[in-house]
Amino acid sequence: MPMASADESNRLIQNRRTNLEAVRAAGGAAYPNRFVVTSTTAAIRERFGDTPAEDLAKVGEQFRLAGRIMALRAHGKTAFADLHDRTGRIQLFVRKDQLEGAGTETLSHLDLGDLVGAEGGVLRTRTGELSVEVTNIVLLAKSLRPLPEKWHGLKDVETRFRERAVDLLVNPGVREIFVKRARIIQFIREFLSSRGFLEVETPMMQALPGGATARPFRTHHNALGMDLYLRIAPELYLKRLVVGGLDRVFEINRNFRNEGLSTRHNPEFTMLEFYQAYATHEDLMALTEEMLSECAREILGSAQIEYQGQPIDLSPPWGRLSLRDAITRHTGIAGDALADRGSALEAARALGVKLKDDDSLGRILAKVVDALVEPHLVQPTFVVDYPTEVSPLSRPRDDDPSLVERFEAFIGALEVANGFSELNDPDEQRRRFLSQLDNRDPDDPDVDMDIREIDEDYIRTLEVGMPPTAGEGIGIDRLVMLLTNSHSIREVILFPQLRPEHGRGVAGEGGEPPSSESA
RNA sequence: GGGCCGUUAGCUCAGUCGGUAGAGCAGCUGACUCUUAAUCAGCGGGUCGGAGGUUCAAGUCCUCCACGGCUCACCA
């Protein structure tokens, strides 16, 4: 049952179906199986970009290209078309009377967005544009739906994310973001691999969601008859591998957190985690500076980048601030006010930070950083000296066990990395886990009280003996945001999570409003 | 979940004080053998997100709902 509002759309689609039938009637295959491609638009440009017209005329070689028709300018018996392929675009020049087979009908019934194979020689048009003079054109696949307008593109944000294929087709900047994303990830793989890190894959489905504090997604395994959780972090598994003698490991994969969506949060997001035995958090800060500045140089050509209108210099060394100094510097709360829980709570609340009455001192400090300090940390900054009570997996400082050897890296007011020297004392780890379990707030809707155990298996693994190790997580999506100057995480995730829209087939064909069945 | 803003043709957008819904592109018909935002002539295309309400009259005002954006909360 087509909706009345789709009338115009249906009519445009019907036109295109009629054109498809015309090609069929002329003996052309509608969706032919194979067209042998012998060149690309970029290859032709590369080879003939500087060749003058008179020399092009002597080439005499035929090229076979395939791609999508993105512009069409017909002139009676001739036509110009822009053919886009994965490497770029080139202009096709067609004389109808030179076409073979069903070519004339194919050309006459061509629509914007059609996929075609074209064969011909090269020439330069009167205006000097390198073009392919087409002698054979084959419809490879019909585009039945009208594309968005040619110079405004597709702007509507919701439609862009719901119809990402169309977004990628008509908005070149979108494609560039995902090309950069792929290159960033490739760079990181090579960077870590060249330093002896082994890439591994650890469980996405875990019996106990560990390695972070976040509300997990739950699922059920039928054959095992048990609930499982989508992982919120791979941390505990990666450290098991370090115990197993894989001294340097990394994983780039998805984490899942059942929490709010925002311009900086998607329920599934990509995390790099890596662990290096016999290293400390200091070593990882140095490695992070080097990796990210090199990455920017490799991808953008410079360690000087611009993010949301602000220049940022990723060159080492980055700034370093203790958590308390960061608070004092960016909020004006005096250092001694941060010394005890009561005065810290009062000072933070005075500045509008939402806190619970029983929040611990460490938790107060961490929340103040998130709320008031993070927005100021535009230039790359390591915040260090986190409180032990908010860092259950980190190694305490030898000279002050109330603090841990931990850092978070902020760039462009985004939290990009979190790393620390790992706690490898199994007895202390058990105490921390138990304390975490005991201190949960049963009234907090985000706390899963069904989880009643600690990860004894992990403790047992630590008892085998984990070398002194440092580990770190880097949010890949946020890093890509930074290096592509993207304001929202949705711009750097191909299919960001959206609420399903009624009346559009999201999960399958023919979705319809639930209300249509009633009455 | 709260606040603010948005939703008009396939796409990008106008729509004044509440008084018969518009443009450009895309589409259709015709002309055109070098255009590239092709040009020229003509034509069609609307559940104004949905449902109620106020009114002689609602795209416009009110209420609720849906979806989205920003933001706050949440998120070590």
Side-chain angles (χ1 to χ4, degrees), chain A residues 3-16 18-19 53 70-82 89-98 111-113 123-129 131 133 144-163 166 170 211-215 232-233 257-265 267 269 323 352-354 359-360 362-367 369-371 386-394 404 406 408 415 418 420 436 444-446 473 487-488 490 498-504 513-515:
Chain A
M3 300 184 67
S5 63
D7 270 0
E8 169 67 3
S9 176
N10 286 344
R11 216 175 42 75
L12 296 173
I13 291 170
Q14 195 49 52
N15 286 340
R16 287 167 177 250
T18 304
N19 285 338
M70 295 301 284
L72 196 54
R73 298 174 291 279
H75 286 257
K77 293 187 179 61
T78 64
F80 299 86
D82 291 347
R89 71 161 276 279
I90 202 159
Q91 177 171 264
L92 304 181
F93 173 53
V94 196
R95 290 190 173 90
K96 278 187 185 173
D97 51 16
Q98 287 185 351
D111 286 300
L112 291 180
L123 91 164
R124 210 167 273 286
T125 61
R126 219 168 268 170
T127 55
E129 177 157 350
S131 306
E133 186 174 20
L144 291 173
R145 292 185 176 270
L147 288 178
E149 199 235 2
K150 63 184 167 192
W151 73 84
H152 292 104
L154 180 62
K155 283 226 170 67
D156 184 85
V157 179
E158 183 176 352
T159 311
R160 282 186 47 225
F161 295 151
R162 290 194 194 280
E163 301 185 31
V166 177
V170 301
T213 314
R215 195 178 188 188
I232 55 178
R257 296 187 181 176
N258 205 342
E259 288 163 359
L261 287 68
S262 80
T263 48
R264 296 185 304 280
H265 298 85
F269 62 100
L323 188 92
V353 181
K354 301 266 169 59
D359 274 341
S360 66
R363 185 144 173 93
I364 292 167
L365 299 182
K367 282 186 173 177
V369 167
D370 284 350
Y386 276 76
T388 304
E389 57 207 87
V390 296
S391 312
L393 299 164
S394 303
V404 290
R406 175 181 170 196
E408 289 199 0
E415 180 196 330
N418 176 23
F420 39 88
Q436 232 186 332
D444 185 342
D446 288 343
H487 169 66
S488 167
R490 296 184 192 96
L498 296 178
R499 198 181 299 270
E501 189 187 17
H502 293 316
R504 292 169 84 149
S515 59

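For the numbers below, each heavy atom of this structure counts, side chains included, while hydrogens, waters and symmetry mates do not.
Straight-line distance from the NE2 atom of A:H265 to the P atom of B:C74: 11 Å, rounded to whole Å. When rounded to the nearest whole Å, the span between CD of A:E415 and P of B:C75 equals 13 Å. Between A:N19 atom CG and B:G27 atom P there is a gap of 10 Å when expressed in whole angstrom units. In this structure, A:K354 atom NZ and B:G1 atom C1' are separated by 12 Å, rounded to whole Å. Across the protein-nucleic acid pair, A:H75 atom NE2 and B:C40 atom P stand 12 Å apart, rounded to whole Å.
Picking from B:G10, B:G69, B:U35 the nucleotide with the shortest atom distance to the side chain of A:V157 gives B:G69. Of the candidate nucleotides B:G69, B:A26, B:C70, B:A26 has the atom nearest to the side chain of A:L112. In this structure, the nucleotide among B:A76, B:G69, B:C28 sitting nearest to the side chain of A:A366 is B:A76. Side-chain atoms of A:T263 lie closest to B:U71 of the nucleotides B:A76, B:U71, B:U33.
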Distances under 3.5 Å only, N/O to N/O: pair up the protein atoms with those of nucleotides 11-13 of chain B.
from, atom 1, to, atom 2, distance (Å)
B:C11, O2', A:E149, N, 3.2
B:C11, O2', A:G153, O, 3.0
B:U12, OP1, A:K155, N, 2.9
B:U12, OP1, A:D156, N, 2.8

Just the table, please: protein N/O against nucleotides 4-8 of chain B N/O, every pair under 3.5 Å.
none

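By the 4.5 Å heavy-atom criterion applied to side chains, A:I13 and A:P146 are counted as neighbours.
With sequence neighbours excluded, the residues that form a side-chain contact (heavy atoms from CB on, under 4.5 Å) with A:A71 are A:R73, A:D82. Annotation: ring-ring contact (aromatic ring centres under 6.0 Å, His included) contacts of A:F93 (sequence neighbours excluded): A:F80. In this structure, the salt bridge (charged side-chain N to carboxylate O under 4.0 Å, His left out) partners of A:R160, at least two apart in sequence or on a different chain, are A:D167, A:E491. Looking at residues two or more places apart in sequence or on another chain, you find a salt bridge (charged side-chain N to carboxylate O under 4.0 Å, His left out) between A:E133 and A:R95. By the side-chain hydrogen bond (donor to acceptor under 3.5 Å, both in side chains) test, A:Q14 pairs with no residue at all, sequence neighbours left out. Contacts of A:R257 classified as side-chain hydrogen bond (donor to acceptor under 3.5 Å, both in side chains), with partners at least two apart in sequence or in another chain: none. Looking at residues two or more places apart in sequence or on another chain, you find a side-chain contact (heavy atoms from CB on, under 4.5 Å) between A:A79 and A:A74, A:L107. Contacts of A:S391 classified as side-chain hydrogen bond (donor to acceptor under 3.5 Å, both in side chains), with partners at least two apart in sequence or in another chain: A:R406. A search for side-chain hydrogen bond (donor to acceptor under 3.5 Å, both in side chains) contacts involving A:N15 returns nothing, not counting sequence neighbours.
Within the 4.0 angstrom heavy-atom criterion, only backbone atoms of the sugar-phosphate kind lie near A:R363; the bases stay farther away. Among the protein residues, A:T213 comes within range of the nucleic acid bases, having at least one heavy atom under 4.0 Å from a base atom. A:E389 comes within contact range of no nucleotide atom at all, as no heavy-atom separation falls under 4.0 Å. No engagement by A:P387 is indicated, since no non-hydrogen atom pair under 4.0 Å with the nucleic acid exists. Residue contacts shown for A:F93 include a base, since a base heavy atom lies under 4.0 Å away. Among the protein residues, A:Q14 comes within range of no part of the nucleic acid, since none of its heavy atoms lies under 4.0 Å from any strand. Residue contacts for A:A74: at a heavy-atom cut-off of 4.0 Å it reaches a base atom on one of the strands shown. Using a 4.0 Å heavy-atom cutoff across all strands shown, A:R406 reaches sugar-phosphate atoms only and no base atom.
Here the separation of B:C13 from B:G19, taken at their P atoms, is 25 Å to the nearest Å. For the P atom pair drawn from B:G59 and B:G53, the interatomic distance equals 15 Å after rounding to whole Å.
Toward the 5' end of RNA chain B, the nearer of the two residues A:S488 and A:S262, judged by each one's closest nucleotide, is A:S488.
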Check: According to the Watson-Crick and G-U wobble definition with distances under 3.5 Å, which dot-bracket string, read 5' to 3', encodes RNA chain B, using [ ] for crossing pairs and | for pairs with another strand?
Finding: (((((((..((((.....[..)))).(((((.......))))).....(((((..]....))))))))))))....

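Distances shown here put a side-chain N or O of A:R490 below 4.0 Å from the OP1 or OP2 atom of B:C70. Regarding contacts with the backbone of B:A38, a side-chain N or O of A:R73 is found under 4.0 angstrom from either OP1 or OP2. Contact between the side-chain N/O atoms of A:K150 and the OP1/OP2 oxygens of B:A26 is found at a separation under 4.0 Å. For the pair A:R264 and B:U71, the criterion of a side-chain N or O lying under 4.0 Å from OP1 or OP2 is not met. Residue A:R499 places at least one side-chain N or O under 4.0 Å from the OP1 or OP2 atom of B:C67.
For the 3.5 Å distance criterion, the side chains of A:H265 and A:S262 qualify, holding a donor opposite an acceptor.
Atom NZ of A:K77 is separated from atom CG of A:D97 by 8.0 Å, given to the nearest 0.5 angstrom.
Residue side chain A:Q91 reaches the base of B:U35 through a donor-acceptor N/O pair under 3.5 Å, judged by distance alone.
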